[in-house]
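Position 1 is the first residue of the sequence; numbering continues from there. Quick caveat, the model's predicted, so the values are computed rather than measured.
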Amino acid sequence: MVISLTFVAARSRAHGPTAALWHAVEVHRAPDDLDGACELTVCGTLARVTTERVWPVAGTDVCPACLTQTR
């Protein structure tokens, strides 16, 4: 049995002084089954999943906790 973790990218909403960030979502189903709904991210935030970007997302607006926990 092979166990592999699959992560997809999700974008959080800006909230007060907090900027919108890219987060990682661990999925246990095919990425094709994702419908763009909000999912719980690796760091515990709710964010909207996107199939247009892959994880890890390049850029400066990436959640540092998600980066650390997915390495």
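- Sorted by first and then second residue, the salt bridge (charged side-chain N to carboxylate O under 4.0 Å, His left out) pairs involving residues 53-66 (not counting sequence neighbours) are R11-D61.
- The shortest heavy-atom contact between V25 and L40 is CG1-O, 3.8 Å.
- Note that the SG atom of C38 and the CG atom of L46 stand 6.0 Å from one another [nearest 0.5 Å].
- Screening T6, V8, V62 for a side-chain contact (heavy atoms from CB on, under 4.5 Å) with W55, the sole residue that qualifies is V62.
- Counting only distance, with no hydrogens or angles, the side chain of T18 and the backbone of A14 share no donor-acceptor pair below 3.5 Å.
- Hydrophobic clustering (side-chain heavy atoms under 4.5 Å, transitive across Ile, Leu, Val, Met, Phe, Trp, Tyr) keeps L21 apart from V57.
- Pairs of residues two or more places apart, or lying in two chains, that qualify as side-chain hydrogen bond (donor to acceptor under 3.5 Å, both in side chains) and include a residue from residues 34-49 are R29-E39.
- When the side chain to side chain contact (heavy atoms under 4.5 Å, CB included) test is applied to R71, the partners found at least two apart in sequence or on another chain are L67.
- For the pair A10 and A47, the tightest heavy-atom approach, listed with the atom from each and the gap, is CB-CB, 3.7 Å.
- Listed by chain and residue number, C43, C63, Q69 satisfy the side chain to side chain contact (heavy atoms under 4.5 Å, CB included) test with A65 (two or more places apart in sequence, or in another chain).
- Scanning for side-chain hydrogen bond (donor to acceptor under 3.5 Å, both in side chains) contacts around T51 gives an empty result, with sequence neighbours left out.
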